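One structure is given below, encoded as structure tokens.
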Protein chains: 2
Amino acid sequence: MKNNATRDKLIDSGAQLISQQGYNATGINAVLKTCGVPKGSFYHYFSSKEDFGLAVIERFANRYDETLVALLEDSDTPPLERLRRYFAAGREHMHECDHATGCLIGNLGQELSGQSDTFRDALNLVFQRWEQRFVHCLKDAQAQGDIAIHTTPEALASFILTGWEGAILRAKTLKSVEPMVHFETILFQQVLVPSP
Amino acid sequence: MKNNATRDKLIDSGAQLISQQGYNATGINAVLKTCGVPKGSFYHYFSSKEDFGLAVIERFANRYDETLVALLEDSDTPPLERLRRYFAAGREHMHECDHATGCLIGNLGQELSGQSDTFRDALNLVFQRWEQRFVHCLKDAQAQGDIAIHTTPEALASFILTGWEGAILRAKTLKSVEPMVHFETILFQQVLVPSP
DNA sequence: AAAGCAATAGACTGACTGGTCTACTTTAAG
DNA sequence: CTTAAAGTAGACCAGTCAGTCTATTGCTTT
């Protein structure tokens, strides 16, 4: 059986370093140093750095999906309020990391999707899963008459995800959540509105 | 005086490689190889890789600003039509680079703004310049009664820039301009509309 | 023609990269 | 108790990294 303790330590340290510095800028030795694991163990659990990177993505995506479900599929809360909470959580995270980390998947998507098709596919799947969560929430909002959807729920979900990711990117370079606030304001004021 | 020919070759090759692979993944030797310049010349014109990277950003920003002015401040064209053309040009570029390159400033913003404050400042200034171009165009549209601005032109410009950058990122991972189309559609359908 | 500087040229350096290799220790099964 | 496998440990490898160094070329100014 797999001893998950060491493996998990590697993935956690890796996720942290890669979030901060990016994939290419993060060396395996740096990961080993921060969690005190020798190199022999690393290549016992992972066949290569790419393999390791994919494991980091998978772990992050799975954990994040849990919080996403908790926020966006909470049937006790009105759909638009769920979205509000999702954005608030994102803003809070941005503060916590001092506007430096942002979104791991977004970061890696930017850095690696032109570099490796394997990574691009993996990241694309994560994004698609997220979009589906949005679609579900938007359909709920539509069903309850809270919003009118002039295109398709899928297109609107894409709009929200891309807009949010872009706002996170801009917040990093600006070191301020202001772009995230602007996005949210205009989104709720003009896009997520009921039919007139 | 500066011999600009060699320096320009270095910057152009660098911009191309960095666009494709990112900053950290692009080695100086690779740049030298693609344009047949010896290392002595590189360190004659640039004091370090960071200095070189900043020159690449500056060159790209200046060139891009020209096309931005040509598109967004063309007073012969209605403001919203100018925006349409801007988006169309972005989509075309995305096709040309096979959905791999995207936006150099966005890429570097993602990769470097957590890594170096010098880079972050430089990239932030470029984004701010772009936003000002949008602000100008949006004010024109407002003055002509084409759109109603419920927040401020600055907030709306931020919204458009971040949404567009996010759509480019998503287009890269999806290898399709679909997210860019969705963004444009919903933007013109629900955000850039006249007062009712 | 001589001097001086801008620019070219590329061998070289120490540090670091991802990855391999062998040796050792621990755990579990028969 | 024996044995095999899982996991730990880190020295080591070839290659690459950004950056330095010295030597040489070419042009300009005197």
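Just so we're on the same page: letters track the sequence lines, and every chain starts at 1. Quick caveat, the model's predicted, so the values are computed rather than measured.
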Exercise. Is there a donor-acceptor contact under 3.5 Å from the side chain of Arg82(A) to the main chain of Thr77(A)?
Worked result: yes
Exercise. Is the backbone N or O of Val37(B) less than 3.5 Å from a side-chain atom of Ser41(B), with the two atoms forming a donor-acceptor pair by type?
Worked result: no
Exercise. Which of the following nucleotides, dG19(C), dA18(D), dA9(D), is nearest to the side chain of Lys49(A)?
Worked result: dG19(C)
For [N], does either OP1 or OP2 sit under 4.0 Å from a side-chain N or O belonging to [X]?
| X | N | answer |
| --- | --- | --- |
| Thr6(B) | dA7(C) | no |
| Tyr45(A) | dT8(D) | yes |
| Ser41(A) | dG7(D) | no |

Exercise. Under 3.5 Å, is there a donor-acceptor pair linking the side chains of Asp51(B) and Ser48(B)?
Worked result: no
Whole angstrom value for the distance that separates [atom2] of [N] from [atom1] of [X]:
| X | N | atom1 | atom2 | result |
| --- | --- | --- | --- | --- |
| Leu17(A) | dG18(C) | CG | P | 12 Å |
| Ile18(B) | dC17(D) | CD1 | P | 13 Å |
| Leu10(B) | dA9(C) | CG | C1' | 13 Å |
| Asp51(A) | dG18(C) | CG | P | 14 Å |
| Phe42(A) | dA6(D) | CZ | P | 20 Å |
| Asn29(A) | dG18(C) | CG | C1' | 8 Å |
| Leu32(B) | dC17(D) | CG | P | 10 Å |
| Arg7(A) | dA6(D) | CZ | P | 15 Å |

Students often get this wrong, so: under 4.0 angstrom with heavy atoms, is [X] touching a base, only sugar-phosphate, or nothing?
| X | answer |
| --- | --- |
| Lys39(B) | base |
| Gly27(B) | sugar-phosphate |
| Ser47(A) | nothing |

For this session: Hey, which sits more toward the 5' end of DNA chain C by its nearest nucleotide, His44(B) or Ile28(A)?
Result: His44(B)
Seminar exercise, completed: Per nearest nucleotide of DNA chain C, the residue lying toward the 5' end, Pro38(B) or Tyr23(A), is Pro38(B)
Exercise. Do we get Lys49(B) above Tyr23(B)'s six-membered ring, with its NZ or CZ under 6.0 Å from the centre and within 45° of the axis?
Worked result: yes
Problem set entry | Nearest heavy-atom neighbours spanning Ala157(B) and Glu131(B) | CB-O, 3.6 Å
